Amino acid sequence: MFAKINHFFFQKYENSDFIIQQKVKVVLSICVTLIFVILTFVVSYIILGQKDPGTLLPVAISGLILIVCTVLIKYGYFYIAAHTIIIVSASAVWINMVMESGSLLARLDTVVIAIGFMTFTSLLVSKRSSVIIGYAVANIILFLGATLYIQHQLKVTNEVIFEYVIDVIIGMASAGVGSLLIFTINKRALQKADEATKIAEAEAEKNIELNRTLEQKVLERTKELRAAMEKTHHMATHDSLTDLPNRLMFTQQLNQAIQSAKRNKRQLAVLFIDLDRFKIVNDTMGHDAGDQLLQEIAQRFKQSLRAVDVVGRLGGDEFVILIEEVKELSHAAIVAHKILKAAMKPIVILGEECRVTASIGISVYPKDGQDEQTLMKNADMAMYFAKEEGKNNYQFYSKDLQLKSIERLSIETNLRGALERKEFSLHYQAKLDFKTGAIKGVEALLRWQSPSLGSVTPTQFIPVAEETGLIVPIGKWVLKTACAQNAAWQRQGLPPVCVAVNLSLRQLMDDNLLEDIEAALKDSGIAPNLLELEITESIIMHNPERLIVVLRNIKKIGVRLALDNFGTSYSSLARVKHFPIDTLKVDRSIIHNLQNDPENRDITAAIIAMGKTLSLTVVAEGVETQAQEDFLRDHICDEMQGFYFSKPIAPDQFGELLRNHNI
């Protein structure tokens with residue numbers, strides 16, 4: 001029961017202010033006092049009714065009081081237990097007086113004293129000493145007044161008054177001892193309460209600080225998680241090397257742009273870009289150089305576009321651009337021109353200057369497709385045809401490209417087995433010496449006669465061979481066959497001529513090239529100076545420092561070197577003189593319009609003069625008219641090659657031409 005009372009009164013107020021708890025204790029003390037006052041009246045009545053209570057009743061009451069106080073102390077009600085002792089002491093005095101005088105009214109002041117001490121004891125919970133002293137004085141005055149009243153009204157003798165005062169003093173002393181006990185207990189309780197309050201406040205402050213720390217950590221962790229999520233999302237949607245949108249993000253943006261274009265009935269364009277010869281840069285200069293090149297190209301593309309345009313990287317050397325609100329196809333063409341111009345600017349990588357170009361395919365919504373997959377596929381297809389057109393250009397998608405795409409796929413499929421099936425052959429085009437009029441050299445030109453495709457031109461299959469890497473074994477076969485044919489002509493008693501063989505960039509980068517050249521010379525038995533290897537001007541611009549080393553190693557074998565298609569790129573006299581070449585071949589595009597274009601005539605004359613300065617043999621390609629021959633002869637060109645003198649012909653026909661012309 002006491003446990004329930006304790007829980008009801010104190011657990012209920014455990015989080016309350018300390019003053020509220022003390023008020024609850026005072027209320028409980030008053031209740032206990034009233035109970036014992038009533039009990040005293042009852043006992044007094046019994047005593048008055050029965051003159052001799054005997055020993056059983058006092059012992060029983062004392063035992064009951066002892067049990068009650070023990071239980072109160074056990075459950076922590078020290079204050080109420082002490083108060084109970086005081087009230088019992090006052091009640092004992094009262095009962096004693098009643099037993100002696102037999103008059104209940106004569107001891108009315110005893111009740112006043114008991115109630116006064118109860119009030120005084122209750123006030124001990126207060127820390128205000130003035131209040132305690134005031135109530136003590138009031139009780140003393142009350143006591144004296146009650147005594148005088150009794151003596152005056154009841155005519156009590158001095159002996160009785162003296163005995164009464166002694167009894168009251170004894171009762172007050174008992175009450176004082178009890179009050180001191182209560183004060184001590186209450187003081188200790190207050191100290192413990194203060195200590196507990198301070199500890200609780202310290203713990204609360206500590207918890208508040210801990211909560212602040214936890215809140216700060218939660219905020220910091222939340223920021224970290226948000227930043228990590230943003231970083232993860234960025235990594236998932238952007239290319240790690242160039243920080244451009246990757247395929248996933250570009251696809252999402254393209255789909256959104258398609259929906260917008262559909263609602264607003266507008267056009268948009270997709271540009272599919274592939275870098276030309278990037279793999280060679282990657283293979284020759286290393287992956288770090290390739291990564292640096294891609295980062296530089298990505299920045300150039302971004303700077304060439306509007307802020308609203310989107311450029312992404314699909315992987316490798318493939319980029320893609322989205323242009324919204326394309327009113328005219330010329331708008332897409334202008335952007336393509338900017339991209340080509342940005343890509344072909346020289347780039348210094350690892351201390352070396354190199355150049356790349358780009359091939360671009362363009363598809364337009366809604367003409368070339370109404371969904372993301374179709375637009376991307378058609379732009380990719382157009383890009384491949386830009387490569388077939390010589391690279392460094394752009395092509396719009398058209399339905400004809402699908403037929404060409406099928407044709408290209410068929411070429412690639414049949415090309416893979418053409419060498420084993422012996423479908424290749426070489427034709428030879430003579431080079432005529434202007435001074436002597438004799439045939440001084442010949443160029444070996446590759447031809448492919450496919451059983452399923454028929455005659456396939458070099459412009460159709462050579463780009464495919466280079467892209468697939470088949471140009472390396474095919475080039476090795478050309479080198480070996482041309483040397484063997486030159487040896488066969490000599491065995492026929494024909495005058496020795498220098499046979500020229502074209503080399504691709506892939507062949508120049510092949511580690512086995514020198515071994516293949518030496519093997520072809522050894523197997524054929526021809527002198528090294530009767531073999532000339534032709535490389536294009538665009539090739540030497542790719543990675544000149546590395547290629548110079550390769551070319552010098554070829555020169556050590558004794559083989560001649562020719563720079564083909566000269567005049568179409570960025571070579572200068574200062575650059576050419578560093579290459580160990582023997583021949584300059586003026587590109588056919590310059591010779592073709594020689595009569596009508598003064599600029600071409602100036603370029604040709606300058607190349608011939610430069611060749612003379614460097615002691616190089618100058619050969620004009622694509623000579624088809626007498627006027628062209630006359631111009632070249634007048635400017636002291638060394639040799640010419642073209643349809644005007646001889647088309648590419650079979651080996652036997654060339655043997656007859658050589659025999660008849662040089663007699």
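These numbers come from a predicted model, not from an experiment.
By the 4.0 Å N-to-carboxylate-O rule, Glu534 lies close enough to Lys585 to be salt-bridged with it.
Looking at Gln292 and Asp288, their side chains never bring a donor and an acceptor atom within 3.5 Å of each other. Looking at Ser359 and Asp276, their side chains do bring a donor and an acceptor atom within 3.5 Å of each other.
Under a cut-off of 6.0 angstrom, the local environment of NE2 in His427 is crowded, with over 12 non-hydrogen atoms contributed by other residues, nucleotides or ligands. By the neighbour-count criterion of 12 heavy atoms within 6.0 Å, atom NZ of Lys480 is sparsely surrounded, having that number or fewer from other residues, nucleotides or ligands. Residue-environment remark: CD (Glu599) stays at or below the threshold of 12 foreign heavy atoms within 6.0 Å. The number of heavy atoms from other shown groups lying within 6.0 Å of NZ (Lys387) is above 12.
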Pairs under 3.5 angstrom only: tabulate donor-acceptor contacts from the side chains of residues 320-345 to other protein residues two or more places apart or in another chain.
from	atom 1	to	atom 2	distance (Å)
Glu325	OE2	Arg266	NH1	2.9
His337	NE2	Tyr394	OH	3.4

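Partners of Glu296 by side chain to side chain donor-acceptor pair (under 3.5 Å), not counting sequence neighbours, listed by chain and number: Arg300.
Each of Arg588, Glu621, Glu443 was compared with Gln641 under the side chain to side chain donor-acceptor pair (under 3.5 Å) criterion, and only Glu443 meets it. For the salt bridge (Lys or Arg N to Asp or Glu O under 4.0 Å) test with Arg313, the passing option among Asp239, Asp274, Asp243, Asp291 is Asp239; the others fail.
Ring orientation note: the planes of Trp477 and Phe424 are tilted relative to one another, at an angle of 30° to 60°.
Closest heavy-atom contact between Leu445 and Pro648: CD1-CG, 3.5 Å.
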